[in-house]
Amino acid sequence: MVSERNMNKILCSTGALIGRPNGRDYRLLLPLAEQLSCDGLEFMMYSSWYEETKELLAELAKAYGVDLLVENVVCSCKTPMEHLAELTEEYPEVHFVFDTKMAEFHRQLTLLYGEEYAWLWKDDHIRHYHVNDYAGGYLDWSSLRTLPIGSGQIDFERFFGYVRRTGYQGTYTVEATAFRADGSVDIEMLNGQFRLIASFL
């Protein structure tokens, strides 16, 4: 879920900061966030937190409109782009998160740049981007890791050039896993990602 769009804001997924090695402890978010040079956080909800939903709800979400977005996640039935097209036919007002890693996993990232799927931006369906790299083959499940930009094979210069040409003025989220095996977080890597994305924009 993403709230109202802002002009080229760069967010960090909380899933990049906390995971099993640091106990998925959401109380770590505040001290970690204070070290990040991004514009905000995208909150990832773990199933282990469901019983604490009341404590985790942000009052801001109630005060502002929240747009429910469908993501082009990996799938074993058809392809993400086929699903986006089918959803749009059924629900013409549907909005999407477009994830670069998920698209490249299915070898569909270049479809984003073609005329066949230009309706995604012409009709304002894409409302948010997840920008992550991928270093694997077609449907290579063993390589389905969330990598920082520059650690894989995606041509991000082409990607951001395309997005700029569409006139997109929304938000981007970095999801690259930054927590180490000992639970510590690579803040320097994440801040480097934010700077890199800002240079593309």
Side-chain angles (χ1 to χ4, degrees), residues 1-73 95-102 126-135 144-152 154 156 159-160 163-164 168-201:
M1 295 185 296
V2 175
S3 61
E4 63 177 329
R5 290 177 293 168
N6 295 301
M7 299 280 283
N8 288 336
K9 298 290 186 182
I10 302 170
L11 311 177
C12 181
S13 171
T14 59
L17 302 168
I18 53 178
R20 286 193 182 93
N22 50 25
R24 292 180 173 170
D25 185 355
Y26 60 82
R27 289 164 295 204
L28 296 172
L29 291 176
L30 184 57
L32 288 171
E34 291 173 344
Q35 302 174 62
L36 299 174
S37 59
C38 58
D39 298 306
L41 296 176
E42 179 182 283
F43 190 74
M44 177 179 176
M45 185 79 172
Y46 286 115
S47 58
S48 58
W49 297 344
Y50 287 171
E51 292 183 5
E52 300 180 69
T53 301
K54 275 191 175 181
E55 290 76 15
L56 295 170
L57 287 176
E59 291 300 316
L60 288 175
K62 297 177 183 177
Y64 296 96
V66 174
D67 193 5
L68 294 176
L69 308 180
V70 178
E71 187 174 353
N72 60 320
V73 296
H95 296 146
F96 301 120
V97 175
F98 190 91
D99 188 302
T100 55
K101 175 192 71 178
M102 305 295 193
I126 295 180
R127 294 295 183 93
H128 186 62
Y129 285 99
H130 286 169
V131 284
N132 311 293
D133 218 332
Y134 176 70
L144 194 57
R145 292 179 290 278
T146 309
L147 301 176
I149 292 173
S151 299
I154 295 178
F156 280 98
F159 168 76
F160 282 107
V163 172
R164 285 198 309 271
Y168 177 78
Q169 292 290 312
T171 50
Y172 301 84
T173 294
V174 171
E175 298 180 302
T177 302
F179 53 83
R180 304 180 180 96
D182 64 359
S184 62
V185 177
D186 190 347
I187 295 293
E188 184 178 346
M189 179 275 285
L190 287 173
N191 284 334
Q193 291 289 289
F194 307 142
R195 289 192 297 271
L196 179 59
I197 294 170
S199 73
F200 281 121
L201 301 178

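In this chain, residues are counted from 1 in sequence order.
Put simply, the side chain of F96 does not reach to within 4.5 Å of the side chain of N72, judged on heavy atoms. Side-chain atoms of F160 and L201, non-hydrogen and from C-beta on, do get closer than 4.5 Å to each other. You'll find the side chain of I197 reaches within 4.5 Å of the side chain of V131, heavy atoms only. Inter-residue side-chain proximity for L11 and V174 is flagged as unmet; no heavy-atom pair is nearer than 4.5 Å. The shortest distance between side-chain heavy atoms of Y172 and N8 falls below 4.5 Å. Annotation: side chain of V163 is not in contact with side chain of F200 (no heavy-atom distance under 4.5 Å).
Taking all atoms of both residues into account, the shortest heavy-atom contact from A176 to L147 is CB-C, 3.8 Å. Here the closest heavy-atom approach between residue T146 and residue E175 is recorded as CG2-O, 3.1 Å. M189 and T177 get closest at one heavy-atom pair: CE-O, 3.6 Å. Heavy-atom minimum distance, A135 versus S151: CB-O, 3.9 Å.
For D39, the salt bridge (Lys or Arg N to Asp or Glu O under 4.0 Å) criterion is met by no residue, not counting sequence neighbours.
Ion pairing between R180 and D186 holds under the 4.0 Å rule for side-chain N and carboxylate O. A salt bridge links R27 and D25; the closest N-O separation between the charged side-chain nitrogens and carboxylate oxygens is under 4.0 Å.
Here the CD-CD1 distance, from Q193 to I10, works out to 10.0 Å after rounding to the nearest 0.5 Å. Here the CE-OH distance, from M102 to Y134, works out to 11.0 Å after rounding to the nearest 0.5 Å. Here the CG atom belonging to D133 is positioned 12.0 Å from the CZ atom belonging to R145, to the nearest 0.5 angstrom. The CG atom of L190 sits 5.0 Å away from atom SG of C12, with the distance rounded to the nearest 0.5 Å. A distance of 7.0 Å separates OG1 of T100 from CD1 of I149, quoted to the nearest 0.5 Å. To the nearest 0.5 Å, atoms CZ (F179) and CD1 (I18) are separated by 9.0 Å.
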**OP:** Give the C-alpha distance, both sets of side-chain angles, the deciding distance and a yes or no for side-chain contact (heavy atoms from CB on, under 4.5 Å) between H130 and E71.
**Re:** CA-CA 9 Å; H130 286 169; E71 187 174 353; 3.1 Å; yes

Original post:
Can you list the steps and then say if V97 with V70 is a side-chain contact (heavy atoms from CB on, under 4.5 Å)?
Top reply: CA-CA 6 Å; V97 175; V70 178; over 6 Å; no

Subject >> Steps toward side-chain contact (heavy atoms from CB on, under 4.5 Å) verdict (L28, L17) >> reply: CA-CA 9 Å; L28 296 172; L17 302 168; over 6 Å; no

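Relative ring orientation between Y129 and Y168 is described as perpendicular, the plane-to-plane angle rising above 60° on a 0-90° scale split at 30° and 60°.
In this model, a donor atom of one side chain and an acceptor atom of the other lie less than 3.5 Å apart for T173 and E42.
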Side-chain atoms of residues 31-38: list all donor-acceptor pairs with protein atoms under 3.5 Å, sequence neighbours left out, distances to 0.1 Å.
from	atom 1	to	atom 2	distance (Å)
Q35	NE2	P31	O	3.2
S37	OG	N191	OD1	2.9

